Student: 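Got a structure for you, questions after.
Sequence positions, counted from 1, serve as the residue numbers for this chain. All values derive from a computational prediction rather than experimental measurement.
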Amino acid sequence: MPKSQPSVAIIMGSQSDWDTMRHASETLKGLGIDHVSRIISAHRTPKRLYDFAAAAKSKGFKVIIAAAGGAAHLPGMTASMTLLPVLGVPIESQSLKGMDSLLSIAQMPGGVPVGTLAIGKSGAINAALLAAAILALGDRKVAGALDRFRAAQTAAVADAPKDS
């Protein structure tokens, strides 16, 4: 049986972003969602970005998770070239702790939306969960996986605190 086309693409500006974005990949894997991860820099590989964004929908992707640090142009530039939902994950930077990335991704001009998540690991995990929620609208298997994830998360919370 041929493997299905991945429905989610995780793209990031550089190799160093993988330390954060692997959490999105692991979350998607845990939910059984096929995805690909690629390095695409808005500044250093603009043709790669253009080619990816222009062809993303025709290649079968349904959601793009785009992560970037610093000026963080990758999510917005991607969103400007595709009609697919783009979820932006700000990468924590050394100089401004990711606030520069967060503001860059969040402050998109009207008409070019990017769903902006939290800085760092939490944002990467939540981007994967939000991508799953989008896919679950038309995919019962993903909806079931997301339901099981949330039930497990709820079950893991104790009713009362315990002494150490």
Student: Given side chains that start at C-beta, do those of Thr82 and Phe61 come closer than 4.5 Å, heavy atoms only?
Tutor: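 In short, these two side chains do not touch, never coming nearer than 4.5 Å.
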Student: Could you list the residues that satisfy side-chain contact (heavy atoms from CB on, under 4.5 Å) with Ala68, not counting sequence neighbours?
Tutor: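 Partners of Ala68 under the side-chain contact (heavy atoms from CB on, under 4.5 Å) test: Ala72, Leu74, Pro75.
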Student: Just so I know, are the side chains of Ile64 and Val8 near enough to count as touching, which here means a heavy-atom distance under 4.5 Å?
Tutor: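 No, their side chains stay 4.5 Å or more apart.
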Student: Has Ser58 got a side-chain atom pairing as donor or acceptor with Ala55's backbone, closer than 3.5 angstrom?
Tutor: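 Yes, the answer is positive, given that a donor and an acceptor are paired below the 3.5 Å cut-off.
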Student: Indicate yes or no: at least one non-hydrogen side-chain atom of Arg44 is less than 4.5 angstrom from one of Ser14.
Tutor: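 Yes; the side chains approach each other to less than 4.5 Å.
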Student: Just to verify, what does Lys162 make a side-chain hydrogen bond (donor to acceptor under 3.5 Å, both in side chains) with, not counting sequence neighbours?
Tutor: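 Testing Lys162 for side-chain hydrogen bond (donor to acceptor under 3.5 Å, both in side chains), a comparison that skips the adjacent residues, returns none.
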Student: I'd like to know if the side chain of Asp17 and the backbone of Gly13 have a donor-acceptor N/O pair within less than 3.5 Å.
Tutor: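 Pair found, side chain donor or acceptor close to backbone of Gly13.
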Student: Decide whether Ser93 and Asp100 meet the rule of one side-chain donor and one side-chain acceptor closer than 3.5 Å.
Tutor: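 Looking only at side-chain atoms, Asp100 and Ser93 do form a donor-acceptor pair, the distance falling under 3.5 Å.
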Student: Would Leu117 end up clustered with Ile119 when hydrophobic side chains under 4.5 Å apart are linked, directly or stepwise?
Tutor: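 Not linked; separate clusters.
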Student: In Å and rounded to the nearest 0.5 Å, what is the CD1 to OG distance from Ile65 to Ser25?
Tutor: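 It comes to 9.0 Å.
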Student: Please examine the side chains of Trp18 and Met12, heavy atoms only from C-beta on, and report whether any two atoms are closer than 4.5 Å.
Tutor: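 Yes, side chains in contact.
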Student: May I have the step-by-step check of side-chain contact (heavy atoms from CB on, under 4.5 Å) for Met21 and Ile91, ending in yes or no?
Tutor: CA-CA 9 Å; Met21 296 315 295; Ile91 299 294; 4.3 Å; yes
Student: Enter the distance from Met77:CE to Met108:CE here, rounded to the nearest 0.5 Å.
Tutor: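 It comes to 8.5 Å.
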Student: Starting at CE of Met81, measure out to CG of Asp51 and round the result to the nearest 0.5 Å.
Tutor: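 The CE atom of Met81 sits 9.5 Å away from the CG atom of Asp51.
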Student: Are the side chains of Ile10 and Leu28 in contact, using a 4.5 Å heavy-atom criterion?
Tutor: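 Yes. Closest side-chain heavy atoms under 4.5 Å.
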Student: Working to the nearest 0.5 angstrom, can you tell me the gap between Arg22 CZ and Thr27 OG1?
Tutor: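 Reported value, rounded in 0.5 Å steps: 10.5 Å.
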Student: Please name the pair of heavy atoms, one in Ile105 and one in Gly88, separated by the smallest distance, quoted to 0.1 Å.
Tutor: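 Looking at all heavy atoms of both residues, the closest pair is CG2-CA, 4.0 Å.
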Student: Examine the side chains of His35 and Ser7 and answer whether a donor and an acceptor come within less than 3.5 Å of each other.
Tutor: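 Short answer, no.
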Student: With side chains defined as the heavy atoms from C-beta onward, is the minimum distance between Ile134 and Lys62 less than 4.5 Å?
Tutor: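 In short, these two side chains do not touch, never coming nearer than 4.5 Å.
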Student: Mind listing the closest non-hydrogen atom pair of Val63 and Ala131 along with its distance?
Tutor: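 Scanning both residues completely, I find the closest heavy atoms to be CG1-CB, 3.8 Å.
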Student: Looking only at atom types and distance, does a side-chain atom of Ser104 sit under 3.5 Å from a main-chain N or O of Ser101, one as donor and one as acceptor?
Tutor: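 No; zero donor-acceptor contacts below 3.5 Å.
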Student: Mind checking whether Leu87 and Val114 have side chains closer than 4.5 Å, heavy atoms only?
Tutor: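 Result no, sub-4.5 Å side-chain heavy-atom pair not found.
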Student: side-chain contact (heavy atoms from CB on, under 4.5 Å) for Asp34 and Gln5? Distances and angles first, verdict last.
Tutor: CA-CA 7 Å; Asp34 288 334; Gln5 171 64 34; over 6 Å; no
Student: At what distance, to the nearest 0.5 angstrom, does NE2 of His73 lie from NE2 of His43?
Tutor: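 Reported to 0.5 Å precision, the distance equals 4.5 Å.
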Student: Counting heavy atoms not belonging to Leu83, are there more than 12 under 6.0 Å from its CG?
Tutor: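 Counting neighbours around CG of Leu83, 12 or fewer heavy atoms of other residues, nucleotides or ligands fall under 6.0 Å, so no.
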Student: Any sub-3.5 Å donor-acceptor pair from Thr45's side-chain atoms to Ser41's backbone N or O?
Tutor: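 The answer is yes, because a donor-acceptor pair under 3.5 Å joins these two groups.
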Student: Over all heavy atoms of both residues, which pair between Lys57 and Leu84 is shortest? Give the atoms and the distance, please.
Tutor: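 Minimum heavy-atom contact is N-CD1, 3.8 Å.
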Student: If Ile, Leu, Val, Met, Phe, Trp and Tyr residues are connected whenever their side-chain heavy atoms lie under 4.5 Å apart, and connections chain through other members, are Val112 and Leu102 in the same group?
Tutor: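 As far as the 4.5 Å side-chain criterion goes, Leu102 and Val112 are not connected within one cluster.
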Student: Going from CD on Glu26 to NZ on Lys121, what distance comes out if it is rounded to the nearest 0.5 angstrom?
Tutor: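 Spacing of CD (Glu26) from NZ (Lys121) equals 8.5 Å.
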Student: Determine all donor-acceptor pairs shorter than 3.5 Å in which one atom belongs to a side chain in residues 141-156; sequence neighbours excluded.
Tutor:
residue	atom	partner	partner atom	Å
Arg148	NH1	Gly144	O	3.2
Thr154	OG1	Arg150	O	3.0

Student: Which heavy-atom pair separates Gly123 from Val89 by the least distance, and what is that distance?
Tutor: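 That closest heavy-atom pairing would be O-CG2, 3.7 Å.
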Student: Is the shortest side-chain heavy-atom distance between Gln15 and Ile39 below 4.5 Å?
Tutor: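 Side-chain contact under 4.5 Å: yes.
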